[in-house]
Structures are given as structure tokens and as C-alpha cells.
Undergrad: 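Okay, here's the structure, questions in a sec.
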Amino acid sequence: MIEIKKSSAPPDLVKLQQDAVTQGLTANQAYDTLRNPLKGGIIELLLKEQGHICAYCMRRIPDERKGLPHVKIEHWNARNGEHGETCGSYGALDYGNFLAVCSGNQNGCSKGKEEKLTCDASRGNKKLIVNPLNPETLSTIYYTEDGMIAALDSDINKDLTITLNLNCMRDSVQLPKERKRALDEIQAIILSKVEAGNSLLESCTHLYQELLEIEDKKPAYIGISLWWLKDCIDRLTINT
């Protein structure tokens with residue numbers, strides 16, 4: 001998971017939001033007023049600012065797997081929380097509360113196999129602390145060499161591994177394996193640079209900056225690559 005920097009809300013969405021608040025609509029009623037072509041335009045904006053990767057698992061979106069939603073709008077602050085709380089009509093149409101997410105394997109999961117669900121499909125309406133819009137909540141996230149994601153903060157770790165199920169290894173949904181593949185590619189690039197005579201610190205620093213500067217489309221599962229490169233840079237810098 002990486003930080004997402006939001007762009008400005010589309011004026012038409014702001015107007016829709018203001019109307020919903022004025023009319024006293026519920027969160028669900030307010031969100032139901034968001035229709036195409038405005039809804040489609042908002043999805044395109046979300047995809048662009050996220051680099052066409054899921055806000056949670058960082059899979060490439062739109063998701064082209066057959067029978068699954070290509071992309072969904074997620075409310076970080078849930079429209080209807082698990083304990084009856086609500087984000088209200090304002091939050092339901094708040095662009096700052098919107099994230100683009102993958103299918104979460106929702107339509108590919110049969111009843112009784114909910115452990116295959118990931119991201120917002122796994123979360124449901126549970127409250128989250130980890131937030132890709134708030135870098136402070138991402139600061140303790142780390143990865144293992146086999147592609148597992150975790151966090152030093154126990155609440156954040158619970159969000160990642162249980163609520164969002166980002167270490168899912170069920171059948172076709174093998175997120176750690178996909179992250180490991182992305183990491184292997186980055187490590188191979190670094191190895192080739194070092195073998196060509198470049199220093200390890202210089203190679204990691206240059207590649208880290210290159211990845212940071214990619215706006216759209218970002219490589220799938222980029223989070224593990226950035227974390228590994230930054231970790232290498234920090235370790236090498238301490239030892240110099």
C-alpha cells in the first residue's frame with residue numbers, strides 16, 4: 001500500500017454533494033444520485049491519480065478477469081459502518097473519501113469461501129485505521145522476502161492481514177506470490193546494474209526515484225518494490 005495524493009473534486013460532484021446535504025438525503029440515497037456520465041468520469045480520475053492500481057492490494061485496475069467488476073468506488077469512511085455509524089450524505093459524495101479498488105474477487109467467490117475475498121470485498125463495512133490517503137498510517141508497513149505484507153503497529157497489521165486480507169493465498173488469489181514476483185524483477189534490475197559496475201547505493205537510489213516519479217500507469221504491486229529499495233538505501237547510508 002502506498003500514499004495516494006488526491007486531486008480536486010470535480011465541480012459537478014461538489015454540486016451533487018451540496019444538493020444531497022440540502023435535501024437531507026441518507027448516505028445511500030446520496031450515493032445513488034451519482035450516475036453516469038459523472039460516475040464514469042470520477043472513476044477515470046481515481047484511476048489516473050492512483051496510477052491504475054488498487055488502493056489496497058495494488059493489483060492492476062481495471063481488473064480484466066472474466067466475470068469480475070473491473071473497478072469499484074470505495075468509501076474509506078464507510079457509508080454505513082458495522083455499528084450503525086454513517087458518513088452521511090456529505091461523506092457519501094466526498095471525493096476525498098473515494099478510492100478506486102479492484103473486485104476483491106467478489107464475484108469469483110462462492111458462498112462459504114469468503115476467505116478468498118480481499119480489499120473492500122473482505123472489509124465490508126468494518127472501520128479501518130490504515131489509510132492510503134494518510135501517510136502516517138503507512139509508516140510501519142513492511143514486507144517479507146516472500147511477499148507478505150505486515151505492519152509493526154498491531155492495529156494497522158490487523159487491517160492489512162485480517163480486515164483487508166492482503167496476504168490471501170487461496171487458489172487464483174495469491175497476493176504474496178504476485179508481490180514476490182514484482183520484487184524479484186526489481187532485484188534482478190539492481191543486480192544487473194551492480195554487475196555492470198554501478199554501486200549498490202547509487203543503483204537503488206536511482207531506481208527508487210524512477211519509481212516514485214511514475215504517475216500513470218504505476219507498476220502493479222509497486223509498494224513492495226519501493227519499500228525494499230528504501231530499506232536498502234537506509235541500510236547502505238547508515239554504513240557509509
Side-chain angles (χ1 to χ4, degrees), residues 1-63 69-104 106 117-139 141 151 153 155-156 158-160 163-166 215-218 223:
M1 194 178 296
I2 61 174
E3 180 185 0
I4 296 170
K5 297 180 180 178
K6 300 296 289 184
S7 54
S8 300
D12 287 348
L13 178 62
V14 174
K15 176 64 166 57
L16 198 68
Q17 181 188 50
Q18 293 171 341
D19 290 345
V21 171
T22 300
Q23 295 170 30
L25 301 183
T26 65
N28 286 343
Q29 289 171 338
Y31 188 67
D32 285 343
T33 66
L34 179 58
R35 300 166 184 163
N36 287 324
L38 178 57
K39 186 174 184 178
I42 288 171
I43 288 175
E44 288 303 316
L45 286 175
L46 293 171
L47 289 172
K48 184 176 181 180
E49 70 185 13
Q50 293 178 203
H52 282 76
I53 58 175
C54 174
Y56 294 141
C57 74
M58 293 177 289
R59 175 192 294 278
R60 167 74 59 230
I61 51 176
D63 193 335
H70 287 182
V71 61
K72 297 185 292 182
I73 295 178
E74 156 81 333
H75 292 78
W76 180 81
N77 184 11
R79 277 184 284 158
N80 300 286
E82 61 178 330
H83 301 301
E85 66 274 23
T86 175
C87 69
S89 56
Y90 185 91
L93 294 173
D94 180 9
Y95 187 72
N97 193 32
F98 286 177
L99 299 169
V101 296
C102 69
S103 68
Q106 196 162 27
L117 295 175
T118 67
C119 304
D120 78 309
S122 173
R123 172 202 179 184
N125 290 330
K126 296 183 181 69
K127 184 177 180 179
L128 287 177
I129 296 175
V130 70
N131 183 357
L133 303 175
N134 181 357
E136 290 185 5
T137 69
L138 311 179
S139 61
I141 291 177
D153 182 292
D155 291 328
I156 300 296
K158 180 181 178 182
D159 282 351
L160 298 173
T163 305
L164 296 172
N165 196 24
L166 297 185
E215 295 183 357
D216 192 27
K217 298 179 176 178
K218 295 182 187 295

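Worth saying up front: this structure is predicted, and the values here are computed from it rather than measured.
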Undergrad: For Lys72 and Ser103, which heavy atoms make the closest approach, and how far apart are they?
TA: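 Minimum heavy-atom separation between Lys72 and Ser103: NZ-O, 3.3 Å.
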Undergrad: So, the side chain of Asp120 versus the backbone of Arg123: is there a donor-acceptor pair under 3.5 Å, distance only?
TA: no
Undergrad: Check Met1 against Ile141 and note the closest heavy-atom contact, atom names and distance.
TA: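 Where Met1 meets Ile141 most closely, the heavy atoms are CB-CD1, 4.3 Å.
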Undergrad: Just wondering, more than 12 heavy atoms not from Lys6 lying within 6.0 Å of its NZ?
TA: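 Counting other residues, nucleotides and ligands, NZ of Lys6 exceeds 12 neighbours.
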Undergrad: Only counting residues at least two apart or in another chain, list the ones meeting ring pair (Phe, Tyr, Trp, His ring centres under 6.0 Å) with His75.
TA: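 Checked His75 against ring pair (Phe, Tyr, Trp, His ring centres under 6.0 Å); matches are Tyr31, Phe98.
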Undergrad: Could you tell me if the side chain of Leu164 sits less than 4.5 Å from the side chain of Thr118, heavy atoms only?
TA: no
Undergrad: Measure the spacing between CG of Asn134 and OG of Ser139 and express it to the nearest 0.5 Å.
TA: 9.0 Å
Undergrad: Determine whether more than 12 heavy atoms belonging to other residues, nucleotides or ligands lie under 6.0 Å from atom OH of Tyr90.
TA: no
Undergrad: Does the side chain of Val71 come within less than 4.5 Å of Cys102's, by heavy atoms?
TA: no
Undergrad: Tell me, please, which residues at least two apart from Asp12 pass side-chain contact (heavy atoms from CB on, under 4.5 Å).
TA: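 So Asp12 forms a side-chain contact (heavy atoms from CB on, under 4.5 Å) with Leu38.
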Undergrad: If you measure from CD1 on Ile129 to CD on Glu136, what distance do you get to the nearest 0.5 Å?
TA: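 Between atom CD1 of Ile129 and atom CD of Glu136 there are 13.0 Å.
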Undergrad: Looking only at heavy atoms, which two atoms of Arg79 and Ala27 are closest? And how far apart?
TA: O-CB, 3.8 Å
Undergrad: Give, for atom CG of Leu34 and atom CD1 of Ile73, the distance between the pair rounded to the nearest 0.5 Å.
TA: 5.5 Å
Undergrad: Side-chain contact test, heavy atoms from C-beta onward, threshold under 4.5 Å: evaluate it for Pro132 versus Ile2 and give yes or no.
TA: no
Undergrad: Show your working on side chain to side chain contact (heavy atoms under 4.5 Å, CB included) between Leu13 and Ile42 and close with a plain yes or no.
TA: CA-CA 9 Å; Leu13 178 62; Ile42 288 171; 3.7 Å; yes
Undergrad: Can you measure from NE2 (His52) to CZ (Arg59) and round to the nearest 0.5 angstrom?
TA: 15.5 Å
Undergrad: Would you please name every residue forming a side-chain hydrogen bond (donor to acceptor under 3.5 Å, both in side chains) with Ser7, sequence neighbours left out?
TA: Glu49
Undergrad: Within a 6.0 Å radius of atom CD on Gln29, are there more than 12 heavy atoms belonging to other residues, nucleotides or ligands?
TA: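 Enclosed: over 12 neighbouring heavy atoms sit under 6.0 Å from CD of Gln29.
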Undergrad: Start with the C-alpha gap between Val101 and Ile61, add the side-chain angles, then the distance that decides, and say whether side chain to side chain contact (heavy atoms under 4.5 Å, CB included) holds.
TA: CA-CA 7 Å; Val101 296; Ile61 51 176; 6.0 Å; no
Undergrad: Can you tell me how far the CD1 atom of Ile43 sits from the NZ atom of Lys39, to the nearest 0.5 Å?
TA: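 Interatomic distance, Ile43 CD1 to Lys39 NZ, rounded to 0.5 Å: 6.0 Å.
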Undergrad: Do Asn165 side-chain atoms and Ser122 backbone N/O form a donor-acceptor pair below 3.5 Å?
TA: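 Flag not set: sc Asn165 to bb Ser122 has no pair under 3.5 Å.
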Undergrad: Indicate the atoms forming the closest heavy-atom contact of Gly91 with Asn97, along with that distance.
TA: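 Nearest heavy atoms, Gly91 then Asn97: O-ND2, 3.1 Å.
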Undergrad: Just do the side chain to side chain contact (heavy atoms under 4.5 Å, CB included) check on Leu93 and Thr33 with the steps written out, would you?
TA: CA-CA 9 Å; Leu93 294 173; Thr33 66; 3.9 Å; yes
Undergrad: Counting N and O atoms only, with roles assigned by atom type, does the side chain of Gln50 sit under 3.5 Å from a partner on the main chain of Ile4, one being a donor and the other an acceptor?
TA: no
Undergrad: Are any non-hydrogen side-chain atoms of Arg60 and Lys217 less than 4.5 angstrom apart?
TA: yes
Undergrad: Do the non-hydrogen side-chain atoms of Leu166 and Cys119 ever get within less than 4.5 Å of each other?
TA: yes
Undergrad: If we ignore hydrogens and angles and just use 3.5 Å, is the side chain of Asp159 paired with the main-chain N or O of Leu128 as donor and acceptor?
TA: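 No.
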Undergrad: Looking at every non-hydrogen atom in both residues, tell me the closest pair between Ala121 and Gly104 and how far apart they are.
TA: CB-O, 3.8 Å
Undergrad: Does the side chain of Leu138 come within less than 4.5 Å of Val130's, by heavy atoms?
TA: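 A side-chain contact under 4.5 Å exists here.
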Undergrad: Measure across Leu133 and Gly96 and return the closest heavy-atom pair with its distance rounded to 0.1 Å.
TA: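 Heavy atoms of Leu133 and Gly96 come nearest at CD1-O, 3.2 Å.
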Undergrad: Looking at side-chain heavy atoms only, is the closest gap between Tyr95 and Leu46 below 4.5 Å?
TA: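 Yes, close enough: below the 4.5 Å cut-off.
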Undergrad: Would you indicate whether the side-chain heavy atoms of Leu47 and Asp216 approach each other to under 4.5 Å?
TA: no
Undergrad: Test Glu74 against Tyr56 for side-chain hydrogen bond (donor to acceptor under 3.5 Å, both in side chains), laying out the working first.
TA: CA-CA 10 Å; Glu74 156 81 333; Tyr56 294 141; 2.8 Å; yes
